[in-house]
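Structure first, commentary second.
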Amino acid sequence: MIVGLTGGIGSGKTTVAKMFHALGVPVYYSDLEAKKLMVDSEVLSGKIKALLGEESYLDNKLNRSYIANKVFTNPDLLAKLNAIVHPAVKDHFISWVKNQEFPYIIQETAIIFENSSEDRFAKIILVTAPEKIRIERVVSRDHISIEKVKERIDNQWSDEKKAALSDFVINNLDLEKTSFLVAEIHKQLLKLSSFTSKF
Ligand code: ATP
């Protein structure tokens, strides 16, 4: 059973994904894997250089700030980059998932509803937090400006819109409460996956 885990920038989806992982659930970190593929795959890096320029890489490493500056203010370029990267991540995910034996797996990904991929998931978990807190978290984690974080938030769907389409919503403020909720959802997903595999 494939469970999607999503949330806006700074909501804490990676933090929540790690909690599921600590319970033994296999987790596929889409952004992380995408960044690895963007460096390791020559086909992919060639396409990215053709789209965004040679400066997309510095010493064979991804020039993240250059790429972010280019695409986060230009929805057309972002869509083109996604159209290059997403199919490669999808193929990699499919081969990863085949090797997992747990009753369910989690795919952590920033985008589910925005690209209408909700049908790929048996269940969807949404992580939320108030915008002000998300901005504070990202500014202190990435040392970027408040304006930059706001620009990225404006490119994503609102929590309200996503919550209406999600099966579980974790309002991630107090880490202990989040961890408790994760354990509860884990129990429900285990039950659901054993039910699904019987019928
Ligand atoms: P992004 O979309 O940028 O990848 P994310 O949704 O995966 O972000 P995280 O990286 O998990 O978010 O969290 C952002 C920052 O906030 C991290 O530094 C993390 O340690 C911190 N954080 C996450 N949850 C909490 C919380 N409940 N209380 C305090 N800090 C938190």
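Remember, it's 1-based here, ligands and their atoms both numbered in the order they're listed.
Ligand 1 is never approached by Val138 to a heavy-atom distance shorter than 4.0 Å. Residue contact annotation: Gly7 has no non-hydrogen atom under 4.0 Å from ligand 1. Residue-ligand proximity: Ala129 is placed with every non-hydrogen atom at 4.0 Å or more from ligand 1. The shortest heavy-atom distance from Ser11 to ligand 1 is under 4.0 Å.
Less than 4.0 angstrom separates some heavy atom of Thr14 from each of these atoms of ligand 1: 7 (O), 11 (O). Atoms of ligand 1 found under 4.0 Å from any heavy atom of Leu173 (numbered from 1 in listed order, with element): 26 (C), 27 (N), 28 (N). For ligand 1, the atoms lying closer than 4.0 Å to a non-hydrogen atom of Gly8 are 6 (O).
In terms of protein heavy-atom proximity, atom 1 (P) of ligand 1 is nearest to Lys13 NZ, 3.5 Å. Counting only heavy atoms of the protein, atom 20 (O) of ligand 1 lies nearest to Thr15 OG1, 4.3 Å. Protein heavy atom closest to atom 17 (C) of ligand 1, with residue, atom name and distance, is Arg141 CD, 4.0 Å. Atom 26 (C) of ligand 1 has as its closest protein heavy atom Arg137 NH2, 3.4 Å.
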Asn63/Ser56 under side chain to side chain donor-acceptor pair (under 3.5 Å): CA gap, chis, key distance, verdict: CA-CA 5 Å; Asn63 187 352; Ser56 304; over 6 Å; no
Working for side chain to side chain donor-acceptor pair (under 3.5 Å), residues Ser30 and Gln107: CA-CA 7 Å; Ser30 304; Gln107 182 174 17; 3.1 Å; yes
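Looking only at atom types and distance, the side chain of Thr178 has a donor-acceptor partner in the side chain of Asn172 under 3.5 Å away. In this structure, a donor-acceptor pair under 3.5 Å is present between the side chains of Glu108 and Thr14.
Expressed to the nearest 0.5 Å, how far OG of Ser140 lies from CD1 of Ile135 amounts to 12.0 Å.
Taking the six-membered ring where the residue is Trp, the centroids of His186 and Tyr104 are separated by under 6.0 Å.
Geometric assessment of Lys161 against the ring of Phe113 yields a negative cation-pi assignment under the 6.0 Å and 45° thresholds.
For ligand 1, the polar-atom distance check finds an N/O of Asn172 within less than 3.5 Å of one of the ligand's N/O atoms.
Counting non-hydrogen atoms of other residues, nucleotides and ligands closer than 6.0 Å to CD1 of Ile146 gives a total of 12 or fewer.
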